Structure formats: C-alpha cells, structure tokens
Novice: 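Following this message is one structure expressed as structure tokens.
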Amino acid sequence: MTQNWLRFEVPPPEVPRVLVTVVAEDTHAALEFVRQHLEPRLIRRDPLALDFRNLRACTQSFLHALLHQAVRLAWALRVPMYVVGANPTVQAQIEFVEAYSLGG
C-alpha cells in the first residue's frame, strides 16, 4: 500500500482548487465540508486540489477531520488529490495524517 497518495505539486489547470481556510480549525465544519463537497467529487472520480494558503498552522484533529476519509476514498478510487499552498510545517502534518490514514 502506498503512503504517498497526496501530490504536493501544481495541479493541472483544469483541476479545481478547494480553499481549506473556509473550515479552518472547525472539525465539525470540516467533516461536513468533506461530506458535502469532497466526497461527491471523489466518488465521481474528479481530481481536486486542496489549497492551504493562508493557513500557517493547524491541529491534527482538524487535518484528521478534513483528510482521513477523503484520502482513503481517493486512494481506493485512484483519484488524484493535490495539496497546494501548504507551508513546510503544515505539509509535514498533512503527510503524517496521510500516512496513518493509509495504514502506514
């Protein structure tokens, strides 16, 4: 099983970006955001880019709420998920959540 499903690179221009700060640090809002916006796209096998710009730091609980199910679903359906605008600290946290979400 891969532990590096998320792509930390510039997505193709046609891939829509989802601004993460709209639900920043609100785990309940993040879970609902995933259910309403991310899961339907992933189920349709539409790639997406999560835009972390202007998010200097975040908690693991927030990232878990935002990413755990989405990463597992994207991996299972082989749908590309991109991460853009994450600073090195946030990227390290994202990679940690990704690793345990995919069983690593």
Side-chain angles (χ1 to χ4, degrees):
M1 185 180 310
T2 182
Q3 291 182 7
N4 296 9
W5 186 252
L6 294 174
R7 301 173 185 190
F8 294 90
E9 59 192 55
V10 178
E14 66 275 7
V15 173
R17 292 183 182 209
V18 178
L19 192 60
V20 172
T21 55
V22 298
V23 292
E25 290 308 315
D26 184 337
T27 57
H28 296 291
L31 287 169
E32 191 59 29
F33 185 78
V34 170
R35 283 189 207 108
Q36 289 184 7
H37 301 286
L38 302 186
E39 286 179 356
R41 290 195 60 80
L42 294 170
I43 290 169
R44 288 191 312 264
R45 297 183 179 205
D46 294 337
L48 58 94
L50 299 174
D51 190 339
F52 282 82
R53 91 178 97 144
N54 300 326
L55 196 61
R56 295 181 349 152
C58 49
T59 62
Q60 183 178 342
S61 60
F62 167 69
L63 287 176
H64 178 89
L66 182 69
L67 296 174
H68 182 70
Q69 281 300 108
V71 167
R72 293 169 59 88
L73 184 59
W75 176 84
L77 296 174
R78 299 295 188 240
V79 180
M81 281 183 65
Y82 298 87
V83 174
V84 295
N87 67 40
T89 302
V90 172
Q91 181 173 334
Q93 294 172 300
I94 292 168
E95 289 170 337
F96 178 73
V97 172
E98 175 191 28
Y100 75 70
S101 295
L102 296 177

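Predicted model, so just to flag it, every value in this text is computed and none were measured.
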Novice: Is a donor on one side and an acceptor on the other found under 3.5 Å between the side chain of Glu98 and the backbone of Leu6?
Specialist: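 Yes: the side chain of Glu98 pairs with the backbone of Leu6.
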Novice: Using a 4.5 Å cut-off on heavy atoms from C-beta on, say whether the side chain of Gln69 contacts that of Leu38.
Specialist: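 The answer is no; the side chains never approach within 4.5 Å.
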Novice: Which pair of heavy atoms, one from Arg41 and one from Pro47, lies closest together, and at what distance?
Specialist: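 The answer is NH2-O, 3.3 Å.
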Novice: Any side-chain hydrogen bond (donor to acceptor under 3.5 Å, both in side chains) pairs touching residues 13-26, not counting sequence neighbours?
Specialist: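 For residues 13-26, and leaving out neighbouring residues, the side-chain hydrogen bond (donor to acceptor under 3.5 Å, both in side chains) pairs sorted by first residue read Glu25-Thr59.
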Novice: Ile94, Leu73: one ILVMFWY side-chain cluster at the under-4.5 Å cut-off?
Specialist: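 Yes; Leu73 is reachable from Ile94 via cluster members.
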Novice: Is there a donor-acceptor pair closer than 3.5 Å between any side-chain N or O of Arg45 and the backbone N or O of Leu42?
Specialist: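 Flag not set: sc Arg45 to bb Leu42 has no pair under 3.5 Å.
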Novice: Please check this pair: side chain of Gln93 against backbone of Leu63, looking for a donor-acceptor N/O pair closer than 3.5 Å.
Specialist: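 Not at all, since once roles are kept as given, no pair shorter than 3.5 Å links the two residues.
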Novice: List in chain and number order the residues that pass salt bridge (charged side-chain N to carboxylate O under 4.0 Å, His left out) with Arg53, two or more places apart in sequence or in another chain; answer none if no residue qualifies.
Specialist: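 By the salt bridge (charged side-chain N to carboxylate O under 4.0 Å, His left out) rule, Arg53 matches Asp51.
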Novice: Hydrophobic cluster membership, with links at side-chain heavy-atom distances under 4.5 Å among I/L/V/M/F/W/Y: are Leu31 and Met81 in one?
Specialist: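 Result: no, two separate clusters.
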Novice: Quick one: closest heavy-atom pair of Ala70 and Val34, and the distance?
Specialist: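 Result for this residue pair: CB-CG1, 4.5 Å.
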Novice: Determine whether Val83 and Val90 make a side-chain contact, defined as any pair of heavy atoms from C-beta on separated by less than 4.5 Å.
Specialist: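 When only atoms from C-beta onward are counted, Val90 and Val83 do not touch, as no gap falls below 4.5 Å.
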Novice: Report the residues that fulfil ring pair (Phe, Tyr, Trp, His ring centres under 6.0 Å) with Phe8, sequence neighbours left out, ordered by chain and then residue number.
Specialist: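 Phe8 satisfies ring pair (Phe, Tyr, Trp, His ring centres under 6.0 Å) with no other residue.
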Novice: Hey, are the side chains of Leu55 and Val20 touching, using non-hydrogen atoms and a 4.5 Å cut-off?
Specialist: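 Yes, side chains in contact.
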Novice: Please give the remaining members of the hydrophobic cluster of Val15, linking ILVMFWY side chains under 4.5 Å, ordered by chain and number.
Specialist: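 Answer for Val15: Tyr82.
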Novice: Which pair of heavy atoms, one from Leu66 and one from Phe52, lies closest together, and at what distance?
Specialist: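 Scanning both residues completely, I find the closest heavy atoms to be CD2-CZ, 3.9 Å.
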Novice: With sequence neighbours excluded, tell me which residues meet ring pair (Phe, Tyr, Trp, His ring centres under 6.0 Å) with His68.
Specialist: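 Listed in chain order: His64.
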Novice: Does Arg56, at its CZ atom, have more than 12 non-hydrogen atoms belonging to other residues, nucleotides or ligands within less than 6.0 Å?
Specialist: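 Open: at most 12 neighbouring heavy atoms sit under 6.0 Å from CZ of Arg56.
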Novice: Quick one: are Val84 and Val10 in side-chain contact, heavy atoms under 4.5 Å?
Specialist: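 Counting from C-beta outward, Val84 and Val10 never come under 4.5 Å.
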Novice: Where the side chain of Trp5 meets the backbone of Arg78, is there a donor-acceptor pair that is under 3.5 Å apart?
Specialist: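 No; zero donor-acceptor contacts below 3.5 Å.
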Novice: Supply the atom-to-atom distance Phe96 CZ to Leu67 CG, rounded to the nearest 0.5 angstrom.
Specialist: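 With rounding to 0.5 Å, CZ (Phe96) is 12.5 Å from CG (Leu67).
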Novice: If you look only at pairs with a residue in residues 30-40, which of them pass as a side-chain hydrogen bond (donor to acceptor under 3.5 Å, both in side chains), with sequence neighbours excluded?
Specialist: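 Output for this query lists Glu32-Arg35, Glu32-Gln36.
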